[in-house]
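Heavy-atom basis, side chains included; hydrogens, waters and symmetry copies ignored.
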Amino acid sequence: MAAATAAGAAAAAAAISLFAYYLLLRKSGSKLPWTLTTRGNGRRTRRKGLMQAIGNTPLIRINSLSDATGCEILGKAEFLNPGGSVKDRVAVKIIEEALESGVLVCGGVVTEGSAGSTAISLATVAPAYGCRCHVVIPDDAAVEKSQIIEALGAIVERVRPVSITHKDHFVNIARRRALEANIASAQSETNKMQTNGSAHVTVEMLHPKQTNGSEYANTEVPHNGKELCPDSGSKGGFFADQFENLANYRAHYEWTGPEIWEQTKGTLHAFVAAAGTGGTIAGVSRYLKEKNRNVRCFLMDPPGSGLFNKVTRGVMYTKEEAEGKRLKNPFDTVTEGIGINRVTANFMMAELDGAYRGTDREAVEMSSVEQPA
């Protein structure tokens, strides 16, 4: 029964991903413009292999909503990316920027704390850049996600859900794993230099860019008998930090936003998306607003998340956190990977006109609507 519940939640979340984006276009009797476009002369054309298949996903007309409202409502089909979600774009951008800046090298390990989608994307993309992947995931996430990540060759570490302020929150553990990989790499270099008769070595693996300056970047973590960051051939580690790394926002400002604008030929009136890290809604909303200030951008927030009140009232709050009602895990919802009770660096880049609060019932009903031919 538990497996069925997990599978059901995962299926619902996957189905909901189709509706991560809504685009409201002008009523028109003319031919509608959401055709699959060819890539332009931008950076995307220089990517080869697997990365070439990421992005340029089609817009799909949501018949039920379009017919009911008399407007053209489209969903951006990000599930058609190789890793199955919009996070493929983020994984590519984060790894490329890290490699270009030198904080990650070929052969290094990329670590991340993720509820699933970003982990799958990093596990999919990292090997294409010659890197390994280590993922820390909360154990209340669908077990199918862990199985997929492991099948892609990544190390998966499942941990109990705790507050982000706790040193053992999955994100903070992922940050420590990168530091451990850097320590292992530095130790390996020290051993080599000592073998070669060197009397001095400078250890640079503690650069703030690689640890992100976290107070939780210590190494006092139980390994449960497993060597989580083996030092054989270690080339160091890099913490992807999808919540605070603005490469996330830039992936959508430079890639997803322009893609939507091009596919709709600039005729859209509104954009709606949910937020977890906030990168998607921030990057797309800011790009669309720069192209046309009249495009309205809205957040759709799930149960337990405080972003709705942050956008509409300026206060990060949700009723699940009221005194006497606070839950150990306020996100009692079938939707995974969206909703949050803190403002991330990525979300701060968003330009929003308002927000709506959704329910699980609405999400599941929408994900199962039969689309007439």
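When the side chain to side chain contact (heavy atoms under 4.5 Å, CB included) test is applied to A275, the partners found at least two apart in sequence or on another chain are I281, L299, L307, F347. For F170, the side chain to side chain contact (heavy atoms under 4.5 Å, CB included) partners two or more places apart in sequence, or in a different chain, are V136, P138, V159. Annotation: side chain to side chain donor-acceptor pair (under 3.5 Å) contacts of N346 (sequence neighbours excluded): none. The ring-ring contact (aromatic ring centres under 6.0 Å, His included) test applied to F298 returns Y356, not counting sequence neighbours. The side chain to side chain donor-acceptor pair (under 3.5 Å) search around T277 returns K87, N248, not counting sequence neighbours. The side chain to side chain donor-acceptor pair (under 3.5 Å) check on T359 picks up E362, with sequence neighbours excluded. With sequence neighbours excluded, the residues that form a side chain to side chain contact (heavy atoms under 4.5 Å, CB included) with E150 are V156. Partners of K289 by side chain to side chain donor-acceptor pair (under 3.5 Å), not counting sequence neighbours, listed by chain and number: D353. With sequence neighbours excluded, the residues that form a side chain to side chain contact (heavy atoms under 4.5 Å, CB included) with A247 are K93, I94, E97, N245, R250.
Listed for the E112 side chain is a donor-acceptor partner under 3.5 Å among the backbone atoms of Q242. For D88 (side chain) and V125 (main-chain N/O), no donor-acceptor pair under 3.5 Å exists by modelled atom type. Of the possible donor and acceptor atoms, none in the side chain of D301 sits under 3.5 Å from a partner among the backbone N and O of R357. Counting only distance, with no hydrogens or angles, the side chain of N81 and the backbone of E78 share a donor-acceptor pair below 3.5 Å.
With rounding to the nearest 0.5 angstrom, the OG1 atom of T256 is 4.0 Å from the CZ atom of R89. With rounding to the nearest 0.5 angstrom, the CZ atom of R160 is 9.5 Å from the CG atom of D139. We find the CD1-CG distance between I73 and D67 to be 10.0 Å, quoted to the nearest 0.5 Å. Separating the CG atom in N341 from the OG atom in S305 is a distance of 5.5 Å, to the nearest 0.5 Å. One finds the CD1 atom of I173 at 12.5 Å from the CD1 atom of I137 (value rounded to the nearest 0.5 Å). In this structure, the separation between OG on S146 and CZ on R158 is 3.5 Å, given to the nearest 0.5 Å.
Pairs of residues two or more places apart, or lying in two chains, never qualify as ring-ring contact (aromatic ring centres under 6.0 Å, His included) while including a residue from residues 85-114. Residue pairs meeting the salt bridge (charged side-chain N to carboxylate O under 4.0 Å, His left out) criterion with at least one member in residues 268-286, sequence neighbours excluded, are R286-E351. Applying the ring-ring contact (aromatic ring centres under 6.0 Å, His included) test to every pair with at least one member in residues 51-75, sequence neighbours left out, gives no pairs at all.
When all heavy atoms are compared, the tightest approach of C133 to A126 is CB-CB, 4.3 Å. Contact detail for A178 and F239: the closest heavy-atom pair is CB-N, 3.6 Å. Taking every heavy atom of both residues into account, C131 and C106 meet most closely at SG-CA, 4.3 Å.
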Please report the C-alpha distance between H134 and T111 in whole Å, then the side-chain angles of each, then the deciding distance to 0.1 Å, and finally whether the side chain to side chain donor-acceptor pair (under 3.5 Å) criterion is met. CA-CA 5 Å; H134 181 119; T111 73; over 6 Å; no
